[in-house]
Every structure is written in C-alpha cells, then in structure tokens.
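Note that the coordinates shown come from a computational prediction; the quantities given were computed from them, not determined experimentally. Side chains included, hydrogens not; waters and symmetry mates left out as well; all remaining heavy atoms used. Letters A, B, ... mirror the listed sequences (proteins, then strands); counts begin at 1.
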Amino acid sequence: MAELDFSATEIMTVAASRLLKNGTVCFVGIGLPSTAANLARLTHAPDVVLIYESGPIGAKPTVLPLSIGDGDLALTADTVVSTPEIFRYWLQGGRIDVGFLGAAQVDRFANINTTVIGPYDDPKVRLPGAGGAPEIAAQAKEVFIVLKQSRKAFVDRLPFVTSAGFLDGGDAREKAGITGGGPTAVITDLGILTPDPVTRELTLTSVHPGVTVEQVREATGWDLKVSPDLKTTAIPDAEALTALRDLQARTAKAHGQDSSGGEG
Amino acid sequence: MAELDFSATEIMTVAASRLLKNGTVCFVGIGLPSTAANLARLTHAPDVVLIYESGPIGAKPTVLPLSIGDGDLALTADTVVSTPEIFRYWLQGGRIDVGFLGAAQVDRFANINTTVIGPYDDPKVRLPGAGGAPEIAAQAKEVFIVLKQSRKAFVDRLPFVTSAGFLDGGDAREKAGITGGGPTAVITDLGILTPDPVTRELTLTSVHPGVTVEQVREATGWDLKVSPDLKTTAIPDAEALTALRDLQARTAKAHGQDSSGGEG
Amino acid sequence: MALITPLREAVSSLVRDGDTVALEGFTHLIPHAAGHEIVRQARKDLTLVRMTPDLVYDQLIGMGCARKLIFSWGGNPGVGSLHRFRDAVEREWPHRLEIEEHSHAGMANAYVAGASNLPFALLRGYTGSDLPKVNPNIRFVECPFTGEKLAAIPSVRPDVTVIHAQKADRRGNVLLWGILGVQKEAVLAAQRSIVTVEEIVDDLEAPPNACVLPSWALSAVCHVPGGAYPSYAQGYSERDNRFYKDWDPVARSRDGFLAWMKRHVLDTGDFAEFRRVLAETSGPGTARQEGA
Amino acid sequence: MALITPLREAVSSLVRDGDTVALEGFTHLIPHAAGHEIVRQARKDLTLVRMTPDLVYDQLIGMGCARKLIFSWGGNPGVGSLHRFRDAVEREWPHRLEIEEHSHAGMANAYVAGASNLPFALLRGYTGSDLPKVNPNIRFVECPFTGEKLAAIPSVRPDVTVIHAQKADRRGNVLLWGILGVQKEAVLAAQRSIVTVEEIVDDLEAPPNACVLPSWALSAVCHVPGGAYPSYAQGYSERDNRFYKDWDPVARSRDGFLAWMKRHVLDTGDFAEFRRVLAETSGPGTARQEGA
C-alpha cells in the first residue's frame, strides 16, 4: 500500500499498538489504551486477550467502547466475570502480561498522577482518581503508558503519586515489594520514552518522524535524557492506519461521537 | 387421616422436620438433616430455603440427594453458586437461619465430634472430619442436630471437638466470640434434648411415645438431666409419614438404594 | 422476602437521612431512577459509596444529599469531569464533602469483605501510591505465615444498597447478566437493599450458575422499566451516550444545574415523567440550552 | 494457551513426583480418569489437596502415591468410610500419611486466597473447634480496625490442579456448569492445570456470565468422555451410586484393593479400557466378589 499522511495522535496510537505482541494478555484502560489495544487486535495481534476491569475477559469489540462497561465488551467476550473477580483472580492473581494505562501526569520515573493537581486537601484541580491503575501498575508483568506529551503532563515532581512507576528510581520499586515489572514504555504524540535499565529514568529512545528532540524536551518538565541510540519511530503502515480510521469511523457511527473515554 | 405405625427413625425425622418453620433459610447437611429438611419442604414448610454447601441455593429436589452435590439439587435450585461463595457470602455473611447437622458424637453441651475416636495422632477410628460443620455450627442463627441416641454417640467428654456447641457451658460460647446462637435442639430416635437456658446443658425435654426416660438415660453417656416439664413428642401425623415414605420410595427408586448420605 | 413495591415507597421506607448508601452499577445497570427518587425525597447527610461516581452521584452531591463520598474513580465516563463533584471538593458547594478515596481493587475487595461479614479486606494493593498518606483507612497487616506486608481496608457495609437489574419474578427473585460489576457484593454487604428491574416475569429462565439474587436476601423490588437511563440494561436498552455529553454543560454552572434538576427531577413525579419531560426539553442538541 | 493433548501425555509432562496436586470436583465432575492415570504412571510423594477426598483419593492413597493429604472431609459419600484412607491414617499402610486437616470453609477460602495470589486466607472460622490444636497452619490475626480476632490459614497453591468439565472448544477454552465446587479457584490457584472434558466443540455456546476458563489460563485440555465416572457430568451422565456402594467391600481389604486396582487400572491402558473391563467384571452385584 502507499504511504498515507497521519496525525500525531495516529502515530502515537499505532506506535503504542505495535508494542502489544500477539497472544499477550492485556488489562486495558479506557480511552487511548483501549484504542491502541483494539487496533493491535485488528491488525498484527489477532489473539491478544483484552481484559476490562468491568468484567469482560477476551473482549473483541467491533467498535471502541465509550465506557469501560459497554455492552459490546460483554457480548463479544469469552466470558464476563464480576469486577471483584477481575481484580482478585486475574490481576492480583498474576495473570496479566501488559497493563495498558493512560495518565494525567507522569514524572521522570514513570510514576502516574490521576488524583489531584495542587494539594490533596485543597486541590487546584480534582482529577477522577485512581480507578484500577495502582494495582494494574503494580501487578501487571509490564506496563505501557500512553498520553500526549506536554510540560503540564510530564512534570519533574508529581503533586500526588496515584500509581507507582519506579518511585525514586533505581531499585526503589523492587525494594517497596512491588512484584510487577513496571512501565517499559511511555508512548506519546512526540516519541517513545523507556526507562534506563539502571536508573529507571525515562529516556527518549524514539522520536516520531518530523519531530525534533528539542520539541520533545520543550514538552517535558524535566531535563529529559536522550538515548545515544535514538531511533526514529517507523511511520504507521497503511494497513494499520486504515484499520485505525475504519475503527474510529465505525465507533463514531455507533456512538454518535468520537471515542474519548473514561472509567465508570 | 388415620394414625399410622411408625419407626423410631421416622419419628426422629418427622420431629426434626417439624422444627423447621416455613420461610426459614436452612443450611442442610447430607443424610438425616437433608431428609428432615426436605420433608419439611414437602409438608408444612413449602417456602423453606434449602442451601447445600456444594452450591445450590433454594434446592427443591424431587428425591433425596445421595451426595451433597447431586444433579437434582442443581437443576431444582434458584441458582447454583461456587462453594467458596456459599461459605463466604451466605454462611459467614450471616444469612442462614438454621444450620441442620448430623454428628458422630455429641457431649452434654452439644459440642460435636466428627473427626476421631481416640487420640488425634493415633486414632482408634478415623471419622470423615469437619466438612462444613465448624462454621455452620458457629455462624447459623441456630443449629439443629439430628442423630441416633446411644452411649457411644452421647458421651460425657468428646475425644475431639470438631464443631462448637456451648463449649464448657454457660456463656463460654459467647465469650469465645462465636456469633451464631448455637444448638437449640438435638433430635434423636428417643426424644428431643434442648439446652438449659442458663447452664446450656442438654436436657431431655421430650420423649417419643413409647420411650421411657430410663431408656433415654441408658442411651446417654452422662447423667442426663430431665426437664420437670417433660413432654411426649406428638406422634407423626399421617400426612407427614406418608410424605416421608413417598419421598424415600422415590429416592430408592431413583438411586437404587436407601438414602444414607455423606459429604463429598 | 422482598416486597414488590413502587420505588417511591421503597426509598421512603428504606433510605434514611444519615445512612451509608451504595448505588452500584459499572457503566451498565446504573440505578438512575432510584438516584432521582432519593433527590426528590431530599435525603440528607448520606455517606455515598460507589466505585465510579458518575452522573448519578454528581446529581446527589450537587443537590446536597451527601456528607461524604467513598469512591475510587469519579468522572463522566467518556466525557470528562464531574462538575458538581469537583465544585463540592474544590469549593465546598453546596457544602463541604468529605472524601475517602481508594483504588478500584480496594473498593471491590471492600465490598467482598462486606458481603463476607469480615471487618476488613485483605489485598495486595496501594504499594508506592500516595493514597495511604491521605486515607487513614488504608493500613497494612503482616501475613502470619510469610511475614509479607499486605494492605487492609475496612469492609464496605452500607445501610442500603440500590441496584438496577434486568428481571425479577413475582416472588421477587432477581436476575442480572452481562457486566455485573460489584452489584451482588454490594447487595449482600448491605443491611437493606432495593432493586429496580426492567420487567417482572413469571419465570426468570435463568441459565445455570447465573447471577440470581434470591428474594429473601432483598428488601424491595421495584418495577422501573428503563430505570438505568442514561445507563443501559443489556437486552433492554442502549446506553444514551449523548446524555452523558449533554450533562457536561448542564453541570458546569450551579444555576444551570439547579434549574435542570428542578425541571427534570424535583418537578416530576417519577422516572417515567422525567423521561417524558426530557424528551420534550431535549431534542437533538438542545440540552446545552436547557442547562444554561 | 492450553495444549489439547491425550491425558497420558498431560499427566506425564505436568504431574511430577513430589508435587502438590489438587484433584477437585464436589461430588459432580470428579476427575477420576486423571486419578487413574496418575496411579498408572506411579507418581510418588504427592501432597494431595482436596476438600472431599473420596474414592479418587482412596485409590491414590492406597496405591502409595501420597505423602500428605490436605483436606476437610474424607469419606465415601452416601456409603461410609474410606478404607484405604483410614488404613493409611490408622495403620500407616502402605506407608505413613501426613494429614493437614481443615474445615470446608477453611479449604474453600484457602483456594480463593491461592487464586488471588495472597499468602493467606482470612475467615471467621474454627472458633471453639479443636482443629487449631492439631493443625499449626490454623492461626489467628487481628483486624487492624476493630481488633477482632480472625482465623488465618495458608493459601492453597498446588503445583498442578486437575478438574473435569463438560466442554472445551478447539482453542482449549473450557465451560463447566451445574455444581461448580471450588474448581475455578483450584485451577487459578495452581501453577499448572489439566482439564479433562466430555466433548470438544466448535463453539462453547456459553450463557452470559458462565463459568468459562480461558485456554490461556490452562496447561492441558484432554478429551476424556465419561472421565468423571463414577461421578457425573451434568448434561452428560448420571452418578453411578452403585459403584460407590460396591467400592466399600473392594477397599475393605488390602489384597482385594490391590487386585482390583491391578485388574482395572494398572492393567488397562486408559479410562475407556477401564470402563470396558469394569463392564465385564461387574454385572449387577458382582463387584463384591471382584474385590474379594
């Protein structure tokens, strides 16, 4: 197929989707993670197993869910269990390969804030809260985080750590007794950040085509390290882009709006 | 209807059945308790709710189950849940009015042994063990125990307390932190024993017709107290006897044998 | 044994000022009709419990019914913030709202512990999160065998739980299916319970091992077809995604919110009338004006 | 992803000497065929876990496969004692059998804790019972909120769990229904798992919220029609109550037991052959002679 033009959001979504290998068992957050995970399922990873916290195991939705409990998730799943069972037997039970999360803010050690901006007792902005993220972040074998990159979102110090990445870096996560491997990639609209194997500090390892390192550093609230082996993200292939656009068109038609999302 | 002759086992079963009031939620042990509970359901207590530890809630078997997990229990139940759910949400959850138990041995405070005769580490007779009884005995609002009376079964001191009755009597049960009300009746083939309201010692409060107090005392391994207000158990009415015999005939036909029973 | 009774009577007799109340439903089967009825009857000082407070709790909080909220994710799913919830937390309007905040895993386990009559829930959770710093009800215990540190949180034991389900039979046995969320646990954890249902039938025709709540474990069953709207009931209705979007501008201003609640909830007698009024007031794209 | 494989290979590759093994099934769906295969392959030093050890464990214990038994009720349901179990406990034949004894509530919670990857199970249990005096794995912990004393027992985490179910599809997804017992928890608590099934179908046709075990959570699925015999599989077979009665005289004597096991299990190649031999040797009323 010929190359197609694509938006920053599209390359973010396709890049995130590519990380998901076929056969992976993925605990899916609503919104961007759900879009990327379903795109993977519809392209290179037909046997990816999608689990949503509302209860569906093996969901294969035909359109993107607008909420974490859309009927299409239940109707297309291998089975639907209770929400306590999802968190107890499947997540805490150690059966999740990849936790796929969004975030309002991340810091240099890939810790996540979705709780408050400003002091907890006197918040400037009250965000929705933890949802499933603290235990997904702790218990999945690895975690992908997908969010748009900006100085507001990529901050030097989080006002509140909702969900643990690598805490203060180094082996702080392991020392705290957290069993899951933690974030292995933060996928943004500008590039891909991965934790340094030793310091666990997020490092720019890939920039999207047409994006400069300076642009990424500008959109980061700390002095972003750049990998000496920096790559350029492969452009989305036409198959993936077409599949993504078809999915979003089907979704818009079904829901009568675009597919942002939230828990609940 | 005319009076019918009846056996000692029949009056025991009918007397036990009569104690179960309509609408009661009853956690049913297999064997004699199951026979009595189903007889109640088929006669004076059509809305009794029978729960078996294997998972059926609201079972309405057409024949007596031979095992605690007979298919008829599942097919006739309002729903079938997992065994952990039975013990967690329904029994421990405090939703059981009556626990209906059998026993190998009881003592004067209605403690139950179903574990061993002789020392635990060098048993003379190894019995099946606890099954569901310790928590049924502790957590049901009240407990009925049904077993045949003999010196071997009604002992002064149990070699092993599997399930708590009133422990050492008095308020020992409450002091131990056990929430359910405990045994309110022990129904035997000779009569009915109920705990003294203060000492909690089992006291003969009813003898079956044709049975003498002396016979009951002979079949008891301690100096059995007899109520000053001793009654004679009402004879089984013809309706109950007929229903019991029909049930047992249906059961024998279906199972090809009589309906003793056990867990498993 | 559940009484089959109108929703108004059920709320009137079973939900009391000062109660701890859980309205559950995970996107699916959210008991909106019951939420409205609690608003109409002007309950006060409620401790509201819900994993995912969304529109139904935005309304209860904005109308001043709540003293405290126990939750794990508060937002308008697929749309954004809950403006009434944020106004209460950020600016104490209509009055201060105390919050006790957990993760989903914590809340789900707390309901399970409540249904199991345990005083606390045990889980691997909250490690590395700041939540234990702001929530004194997140503590840690040691395993008596391995010495491992595990999180402990108090059980949720509501005075009343309210859910919506697909079917009841004439005895009041209830069947629900599809996305079940924590509804069974929430009902069994509570002292009292109200279930609104899409229909009442002679025979539930429940498949084996279905989620059935027996009548004797419930307080009241109320026939409220469409009672989950704008949430949905699988097999009966679709989620009205537009209502969720339209709620955003309605809830943005205090006056717009109050006007909307008066017109649609306080001035309507029941959920059927609310649906009629809503159909009149909100043709396509009119909800924004309505809320303004 | 589960391999769909003959039972012989599944046992050969997944059950190892010294393993902790749970064969579960609560009267219904007891994996007798798998029990036979473990006997045929002469596994040793197993720690056997099962809420209700009955005939299947009487056979494994009598054949010397077990070092230890973790259980809550051991008997021949509806008939009486397990003679091989009693002989092992009372007279150490064929060798000493260590026992760890719980209540059903304890075992059920221990499986739940295992499936939940918790090191221990928390329950209200054992109060007033002598079981904590003879089982050091029953301990007590305090609620960090109320100070209440609650029982704690170690999770059950088998190396291998074996169950029987009604259906699998060609990918190895498994559906079971009816009396479910603790099978789902036992499978999810284990490192490895084997599921024998009545039939393998194109489409499970599972009702909503059915008990489905996804293929990727299982190790092996084996097509063994009637593999629960003399237990039953709802929708496929009836329990053979006579076999349970006939087992009593078979198991009463050591020689009778050994002769029966040799003829019916060791000298047969698989469960289908066992069923053929059994049909030949036990016309009505002949089992007693066979066992003598």
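Of the possible polar contacts, none joining the C/Glu90 side chain to the A/Pro123 backbone as a donor-acceptor pair under 3.5 Å is found. With A/Ser54 contributing its side chain and C/Ile179 its backbone, the two residues share no donor-acceptor pair below 3.5 Å. Remark: the backbone N or O of C/Val134 is not paired with any side-chain donor or acceptor of A/Tyr120 at under 3.5 angstrom.
Heavy atoms closer than 4.5 Å to chain A are found nowhere in C/Met107, neither backbone nor side chain. In this structure, no portion of C/Tyr244 lies under 4.5 Å from any heavy atom of chain A. In this structure, the portions of C/Val182 lying under 4.5 Å from any heavy atom of chain A include both its backbone and its side chain. With a threshold of 4.5 angstrom between heavy atoms, C/Phe85 approaches chain A through side-chain atoms but not through N, CA, C or O. For A/Gln139, the part lying near chain C is the side chain, with the backbone staying farther off; criterion is any non-hydrogen pair under 4.5 Å.
Heavy-atom proximity under 4.5 angstrom to chain A picks out C/Leu123, C/Arg124, C/Gly125, C/Tyr126, C/Thr127 from residues 115-127 of chain C. Among the residues in residues 90-99 of chain A, those with a non-hydrogen atom closer than 4.5 angstrom to a non-hydrogen atom of chain C are A/Gln92.
Note that the CD atom of C/Glu238 and the CG atom of A/Asp70 stand 9.5 Å from one another [nearest 0.5 Å]. For the atom pair CZ (C/Arg91) and CG (A/Asp122), the distance works out to 11.0 Å, reported to the nearest 0.5 Å. For the atom pair NZ (C/Lys184) and OG (A/Ser82), the distance works out to 9.0 Å, reported to the nearest 0.5 Å. From C/Ser72, atom OG reaches atom CD of A/Glu53 across 8.5 Å, with rounding to the nearest 0.5 Å. For the atom pair CH2 (C/Trp73) and CD1 (A/Ile30), the distance works out to 9.5 Å, reported to the nearest 0.5 Å.
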### Message
Set out, in order, the CA-CA distance, both residues' side-chain angles and the distance that settles side-chain contact (heavy atoms from CB on, under 4.5 Å) for C/Trp177 and A/Val80, then state yes or no.
### Response
CA-CA 9 Å; C/Trp177 69 86; A/Val80 181; over 6 Å; no
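When C/Asn109, C/Leu180, C/Asp240 are compared by the number of non-hydrogen pairs under 4.5 Å with chain A, C/Asn109 comes out ahead. With chain A as the partner, the residue from C/Gly128, C/Ser81, C/Pro53 showing the most heavy-atom pairs under 4.5 Å is C/Gly128. Top candidate by heavy-atom pairs under 4.5 Å with chain C, chosen from A/Asn111, A/Val116, A/Val125, is A/Val125. Between chain A and the residues C/Val89, C/Val112, C/Asp130, C/Leu29, the largest count of heavy-atom pairs under 4.5 Å involves C/Asp130. Taking chain A as the reference chain and counting heavy-atom pairs below 4.5 Å, the highest number among C/Ala108, C/Gly235, C/Ser231, C/Gly181 is found for C/Gly181. When the candidates A/Gly165, A/Ala74, A/Pro84 are compared by the number of heavy-atom contacts under 4.5 Å with chain C, A/Pro84 comes out ahead.
Two residues are said to be in side-chain contact when any heavy atoms from C-beta on lie closer than 4.5 Å; A/Thr83 and C/Gln183 fail this criterion.
In this view, A/Phe100 and A/Phe144 satisfy the ring-ring contact (aromatic ring centres under 6.0 Å, His included) rule, not counting sequence neighbours. Scored by the ring-ring contact (aromatic ring centres under 6.0 Å, His included) test, A/Phe87 finds A/Phe27 as partners (sequence neighbours excluded).
Counting non-hydrogen atoms of neighbouring residues, nucleotides and ligands closer than 6.0 angstrom, the CZ atom of A/Arg245 exceeds 12 such neighbours. A 6.0 Å sphere centred on NZ of A/Lys148 holds no more than 12 heavy atoms belonging to other residues, nucleotides or ligands. Summarising the local packing, CG of A/Asp171 is surrounded by more than 12 heavy atoms from other residues, nucleotides or ligands at distances under 6.0 Å.
Here the closest non-hydrogen pair linking A/Gly132 and C/His104 is N-CD2, 3.3 Å. Nearest heavy-atom pair, C/Glu101 versus A/Ala130, reported as atom, atom and distance to 0.1 Å: OE2-N, 4.3 Å. Residues C/Gln234 and A/Gly71 come closest through the heavy atom pair NE2-O, 3.2 Å.
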